Amino acid sequence: MGARSSRGDQPDVGTVDRITPNDLTTLVTDRGAAPMNIAAVLVVEGGGDLAREDVLQALERGAPAVPRLHRRLRSAPLGCGRPYWCDDEGFDVARHLRFREVEGEDALWAAAAEEACRPLPRDRPLWQACWVTGLGGDRAALVVVAHHVLADGLGGLAVLGALTDAPPAAPPTASKVSKPTRRELAADAWCEHLRTLQALGDRARLARSGARDLGVGSGAPRPRLCPRTPFNRPTGPTRRISCVQTPLADVLAAAHRLGVTLNDLLLSAVAHALAESVAERGRVDSVVVSVPYSGRTSASAGRLGNETGVVPFRIPVKTTTEATVRAVAAVSRAQRTRPRAASAAPLNLAFRALARLGVFRWFVDHQRLVNTYVSNMRGPSRPWTFCGQVVNRVVPVAVTPGNTGVIFDVLSYAGTLAITVVRDPDVVPDGERLVELLEEEMAALVRSPSPQRAQ
């Protein structure tokens, strides 16, 4: 994969596969007690009958379609631009595959959380897979973990699609990328500086829009700190995961009746569940949820990285869930008229400055900007297969640093909506109660009648 040309259709300069500015922010802010990893658990029916060699060979067939899976991340010399990817000359899929045997499905989720919190070695491509058996019946699970610098949520889905038996959307076109020379790195860096200067006006306008998304600048509402809650304390190196599943058709039907989006329903259910979970220790009038917005509508195995901004939603909870849904819908409708992922630019500058000063970890451990994160991705409508066996569940997992003791990862897959509750057990010890409350909120929304129309 070559660097883009700075002169129309002229040949590329060198063969430099840079990380993006968003990727760089992800890399330099990975300073928490737990690594900034993303993961997915693929439960495979009939997987218990597969031999280890079958699993290894399946990954060996799929990995070549994803260039980043066989490339290492390297730092560039001073003055030669951002870090870059190049081929790992000693790449061997077997170095990225582990095997574990557990006792039952509950043990699977504990194992998956442990894998997601395991730091990835920097001397090889930044991903790992673990084949987990012992779930009961003939099931097994593939747990795929990658550092967030490798891909965002959309890119992660493209990786999973390549590693399963699903045919790639397009044949891979990337050639081998050897380590570039210092001269090639410097030339590529200067070309990129030139492109940045040429687009400075557009970037400035986008940055102003992004600042407004974050509640900063002219026309933005006055910033307010998020409520104090027991689940906003510095997190440690471990996580626990639980999953709430709902038929996707039921949730979409409820959203249609209420005239809102599926995401509006999710944000409202999460906010009310969190508020109820802390009610015995003090009530809150709102919950601030950070919602990622991708700058693209799709990703491919050859185009990964991060192209995501975030928007904080202050969600009122001293009202009915239906009223909350309407309030969220009004905010999200306004947000859809604005540029997507615009907040990435100001956040990149701010976070990298904090990291350079050595205070980023302190900042995220004490921030009062958001209470939690909710990411929602649309997966395939038809199930994947792995080694010819049906993947009947896909459970997303993300690990974030800082003082957000619980976050929510959502994926629609093959007719099912899966909401993964990822929590630090020391910060949120009563996680099962939170899961019960979320299930109740989702069930109530699914049963909700159409709003009464004025006569």
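Since the structure is predicted, the reported quantities are computational estimates derived from the model, not experimental observations.
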Is there a donor-acceptor pair under 3.5 Å between the side chain of [X] and the backbone N or O of [Y]?
{"X": "R31", "Y": "V28", "value": "yes"}
{"X": "E192", "Y": "A189", "value": "no"}
{"X": "N371", "Y": "V288", "value": "yes"}
{"X": "T235", "Y": "G402", "value": "yes"}
{"X": "R233", "Y": "V427", "value": "yes"}
{"X": "Q367", "Y": "V370", "value": "yes"}
{"X": "T164", "Y": "W384", "value": "no"}
{"X": "D430", "Y": "R433", "value": "no"}
{"X": "W127", "Y": "L69", "value": "yes"}

Is [Y] paired with [X] through a side-chain N to carboxylate O contact shorter than 4.0 Å?
{"X": "R239", "Y": "D409", "result": "no"}
{"X": "E89", "Y": "R72", "result": "no"}
{"X": "D188", "Y": "R18", "result": "yes"}
{"X": "R240", "Y": "E432", "result": "no"}
{"X": "R124", "Y": "D88", "result": "no"}

[atom1] of [X] to [atom2] of [Y]: how many Å apart, nearest 0.5 Å?
{"X": "L73", "Y": "D17", "atom1": "CG", "atom2": "CG", "value": "9.5 Å"}
{"X": "R352", "Y": "L24", "atom1": "CZ", "atom2": "CG", "value": "5.0 Å"}
{"X": "D138", "Y": "T133", "atom1": "CG", "atom2": "OG1", "value": "12.5 Å"}
{"X": "C387", "Y": "W131", "atom1": "SG", "atom2": "CH2", "value": "6.5 Å"}
{"X": "F360", "Y": "T29", "atom1": "CZ", "atom2": "OG1", "value": "4.5 Å"}
{"X": "L59", "Y": "H96", "atom1": "CG", "atom2": "NE2", "value": "11.0 Å"}

Is the closest side-chain donor-acceptor distance between [X] and [Y] under 3.5 Å?
{"X": "D165", "Y": "T385", "result": "yes"}
{"X": "D23", "Y": "T20", "result": "yes"}
{"X": "D30", "Y": "H148", "result": "no"}
{"X": "T25", "Y": "N22", "result": "no"}
{"X": "D365", "Y": "N403", "result": "no"}

So, for [X] and [Y], which heavy atoms are closest and what is the spacing to 0.1 Å?
{"X": "G236", "Y": "A34", "value": "O-CB, 3.8 Å"}
{"X": "A271", "Y": "I315", "value": "CB-CG2, 3.6 Å"}
{"X": "A162", "Y": "V66", "value": "CB-CG2, 3.5 Å"}
{"X": "R61", "Y": "P64", "value": "O-CD, 3.5 Å"}
{"X": "A63", "Y": "H70", "value": "O-CD2, 3.8 Å"}
{"X": "M442", "Y": "A269", "value": "SD-CB, 3.6 Å"}

Legend entry - Positive for side-chain contact (heavy atoms from CB on, under 4.5 Å) with R68, one of V149, L126, L304: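 With R68 as partner, V149, L126, L304 yield a single side-chain contact (heavy atoms from CB on, under 4.5 Å), made by L304.
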Inset, instruction - Show your reasoning for whether side chain to side chain contact (heavy atoms under 4.5 Å, CB included) applies to E45 and Q389. - result: CA-CA 6 Å; E45 289 291 335; Q389 307 299 317; 5.7 Å; no
Are side-chain heavy atoms of [X] and [Y] found at a separation under 4.5 Å?
{"X": "M36", "Y": "T26", "result": "yes"}
{"X": "Q128", "Y": "R98", "result": "yes"}
{"X": "V406", "Y": "F231", "result": "yes"}
{"X": "T404", "Y": "N232", "result": "yes"}
{"X": "T420", "Y": "P396", "result": "yes"}
{"X": "S290", "Y": "T372", "result": "no"}
{"X": "L56", "Y": "D54", "result": "no"}
{"X": "R393", "Y": "C243", "result": "yes"}

Inset, instruction - Assess whether atom CZ of R336 is packed by more than 12 heavy atoms of other residues, nucleotides or ligands within 6.0 Å. - result: yes
Legend entry - Residue R100 excluded, over 12 heavy atoms near CZ under 6.0 Å: yes
Legend entry - Check against side chain to side chain contact (heavy atoms under 4.5 Å, CB included), V41 and V394: CA-CA 6 Å; V41 183; V394 179; over 6 Å; no
Inset, instruction - Using the side chain to side chain contact (heavy atoms under 4.5 Å, CB included) rule, take C130 and V132 through it: C-alpha gap first, then chi angles, then the decisive distance, then the call. - result: CA-CA 6 Å; C130 182; V132 183; 3.9 Å; yes
Inset, instruction - Take S375 and Y373, measure what side chain to side chain contact (heavy atoms under 4.5 Å, CB included) needs, and give me the verdict at the end. - result: CA-CA 7 Å; S375 63; Y373 300 87; over 6 Å; no
Inset, instruction - Flag this pair as yes if the NZ/CZ of R52 is under 6.0 angstrom from the six-membered ring centre of F99 and inside a 45 degree cone about the axis; otherwise no. - result: yes
